[in-house]
Amino acid sequence: GRFRWEEKMSTSDLTTRISTEVPEVGRVKNLIAKQRGVSGRIGVLTVVGDKGSADVAGDLKIRRMLGGLRSTLFEIKKDGDSFTFRGAGFGHGVGMCQMGAIGMANAGKSHKQILGHYYSGATVVTQPVSDDLKVLLAERTGTFTLVTGGTTSILGIGTVGPGATITLTRSGPNMVISGALSATVGGPVLVQYAGAGDLRVSPPGYSYRYGILAVGPDANGGLRAVVGGLGMQQYLYGLGEMPSSWPTEALKAQATASRTFAQKRRNGRGSADFDLYGSVLHQAYTGTKYQVPAWTGAVDATTGRVVTHS
């Protein structure tokens with residue numbers, strides 16, 4: 001089901017992922033949940049390797065290191081040359097409980113009452129929010145494949161029509177563009193598509209309608225892709241955090257909570273090239289996949305609303 005999950009990784013894949021955070025431990029031999037919070041989520045994970053061990057602390061750091069696991073509420077089983085993670089939950093475990101939200105909505109509670117229940121001492125207010133969000137779609141990726149849904153331009157390289165396939169591949173310090181357009185560049189490129197047709201980007205395998213895509217070499221190897229220039233509503237339209245079939249007040253509560261989280265991340269951007277991970281590390285940004293009237297209506301009905309603490 002949605003709230004129970006299982007992921008299996010080979011020792012080689014796990015070692016590669018973990019090496020981005022604690023390369024000094026070498027080949028992974030074991031993972032130990034050293035510390036758990038009251039909810040059961042792992043707060044400190046000990047990585048044991050053939051060259052030593054290291055502790056990794058923090059929900060986001062642990063999940064990112066392990067390839068974007070859905071939560072840190074998991075058990076670990078080593079079986080031969082692989083590790084199996086059996087977990088529950090979706091996200092960081094902070095804020096609104098989705099199952100609780102649907103229950104309260106079915107009981108006739110408003111989205112403000114739902115949020116007031118889960119954010120103790122908080123109120124829902126309407127205030128100006130950012131219209132310049134940046135979302136990291138994928139990082140440390142060898143190749144990206146773009147499929148155009150309308151007239152699409154890679155600025156400084158060229159323009160193609162709908163149905164074209166463009167491949168971007170890391171090659172040494174450069175990026176090679178092939179397919180419908182050809183070039184070799186040493187830095188990032190901007191892909192313009194908004195208003196002309198959806199652009200499918202793989203990975204992660206979703207289509208995007210808004211913003212402008214930047215693809216370029218990642219300092220940690222491979223390539224990275226960031227969608228920028230997103231308005232808050234445009235970003236929220238593209239989330240896949242809650243089934244659209246759920247009650248309207250639950251959807252409104254989710255939209256308000258998601259807007260609050262996104263604004264908090266935008267406020268703390270600093271010198272980073274993105275505000276939010278497009279995966280469950282932050283909020284699942286799935287582009288057009290779940291952009292349906294029930295969800296976009298909830299986003300529009302709560303325009304500018306965020307949760308604040310007095």
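Position 1 is the first residue of the sequence; numbering continues from there.
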Considering non-hydrogen atoms only, spot the tightest contact between [X] and [Y] and give its length.
X: Ala253; Y: Ile114; value: CB-CG2, 4.1 Å
X: Gly43; Y: Ile62; value: O-CD1, 3.9 Å
X: Glu24; Y: Ala54; value: OE2-CB, 3.9 Å
X: Val176; Y: Ser171; value: CG2-CB, 3.8 Å
X: Met65; Y: Leu45; value: CE-CD2, 3.9 Å
X: Met9; Y: Leu14; value: SD-CD1, 3.6 Å

Closer than 3.5 angstrom, by distance alone: can the side chain of [X] be matched with the main-chain N or O of [Y] as a donor-acceptor pair?
X: Trp295; Y: Leu236; value: yes
X: Ser279; Y: Leu281; value: yes
X: Gln254; Y: Met242; value: no
X: Thr16; Y: Ser12; value: yes
X: Gln113; Y: Ser110; value: yes
X: Arg259; Y: Arg305; value: yes
X: Thr296; Y: Val292; value: yes
X: Ser71; Y: Leu73; value: yes
X: Thr148; Y: Ala164; value: yes
X: Thr15; Y: Val28; value: yes

Mind checking whether [X] and [Y] sit in one hydrophobic cluster, side chains of I, L, V, M, F, W, Y counted as touching below 4.5 Å?
X: Leu66; Y: Val44; answer: no
X: Leu230; Y: Leu155; answer: no
X: Leu190; Y: Val147; answer: no

Using 0.5 Å steps for rounding, measure from the [atom1] atom of [X] to the [atom2] atom of [Y].
X: Thr288; Y: Arg200; atom1: OG1; atom2: CZ; result: 8.5 Å
X: Asn174; Y: Thr169; atom1: CG; atom2: OG1; result: 12.0 Å
X: Ser245; Y: Ile102; atom1: OG; atom2: CD1; result: 7.0 Å
X: Leu239; Y: Thr286; atom1: CG; atom2: OG1; result: 7.0 Å
X: Ser53; Y: Ile32; atom1: OG; atom2: CD1; result: 8.0 Å
X: Tyr206; Y: Leu199; atom1: OH; atom2: CG; result: 15.5 Å

Any carboxylate oxygen within less than 4.0 angstrom of a Lys/Arg side-chain nitrogen, looking at [X] and [Y]?
X: Arg17; Y: Asp13; result: no
X: Glu6; Y: Lys77; result: no
X: Arg86; Y: Asp79; result: no
X: Lys29; Y: Asp50; result: no
X: Asp218; Y: Arg170; result: no
X: Arg36; Y: Glu75; result: yes
X: Lys134; Y: Asp273; result: no

* Asked: Can you tell if the side chain of Phe74 reaches within under 4.5 Å of the side chain of Leu69, non-hydrogen atoms only?
  ->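 When only atoms from C-beta onward are counted, Leu69 and Phe74 do touch, with a gap below 4.5 Å.
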
* Less than 4.5 Å apart, any side-chain heavy atom of Ile212 and any of Val191? ->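 Sidechains of Val191 and Ile212: no contact.
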
* Go through the steps for Glu7 and Thr84 under the test side-chain contact (heavy atoms from CB on, under 4.5 Å), then give the verdict. => CA-CA 6 Å; Glu7 297 282 349; Thr84 300; over 6 Å; no

* To do: Show your reasoning for whether side-chain contact (heavy atoms from CB on, under 4.5 Å) applies to Thr143 and Leu223.
  => CA-CA 7 Å; Thr143 297; Leu223 302 173; 6.0 Å; no

* Asked: Does the side-chain contact (heavy atoms from CB on, under 4.5 Å) test come out yes or no for Val226 and Leu213, once each step is laid out?
  -> CA-CA 6 Å; Val226 176; Leu213 178 70; over 6 Å; no

* Does the pair Ile177 and Val189 meet the rule for a side-chain contact (heavy atoms from CB on, under 4.5 Å), with working shown? -> CA-CA 10 Å; Ile177 301 170; Val189 295; 4.3 Å; yes

* Asked: Is it true that the NZ or CZ of Lys78 lies under 6.0 Å from the centre of Phe83's six-membered ring and within 45 degrees of the ring axis?
  ->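 Yes, Lys78 and Phe83 form such a contact.
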
* To do: Decide yes or no on side-chain hydrogen bond (donor to acceptor under 3.5 Å, both in side chains) for Gln233 and Tyr210, but give the supporting numbers first.
  => CA-CA 10 Å; Gln233 298 295 89; Tyr210 309 111; over 6 Å; no

* From CA spacing to verdict: side-chain hydrogen bond (donor to acceptor under 3.5 Å, both in side chains), Ser258, Gln283 -> CA-CA 8 Å; Ser258 292; Gln283 300 186 120; 3.0 Å; yes

* Out of Tyr277, Phe274, Tyr235, which one pairs with His282 under the ring pair (Phe, Tyr, Trp, His ring centres under 6.0 Å) rule? ->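 Of the listed options, the one satisfying the test is Tyr277.
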
* To do: Assess whether salt bridge (charged side-chain N to carboxylate O under 4.0 Å, His left out) is satisfied between Asp275 and Arg269, documenting all intermediate values.
  => CA-CA 6 Å; Asp275 305 306; Arg269 178 194 294 174; 2.6 Å; yes

* Asked: Hey, is OH on Tyr290 packed in by over 12 heavy atoms from elsewhere, all under 6.0 Å?
  ->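 Not buried by this count: 12 neighbours or fewer within 6.0 Å.
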
* Asked: Does Tyr193 have its ring centroid less than 6.0 Å away from the ring centroid of Tyr208?
  ->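 No, too far apart.
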
* Apply side-chain hydrogen bond (donor to acceptor under 3.5 Å, both in side chains) to the pair Ser130 and Gln263, showing each step before the final yes or no. => CA-CA 7 Å; Ser130 176; Gln263 187 59 50; 4.9 Å; no

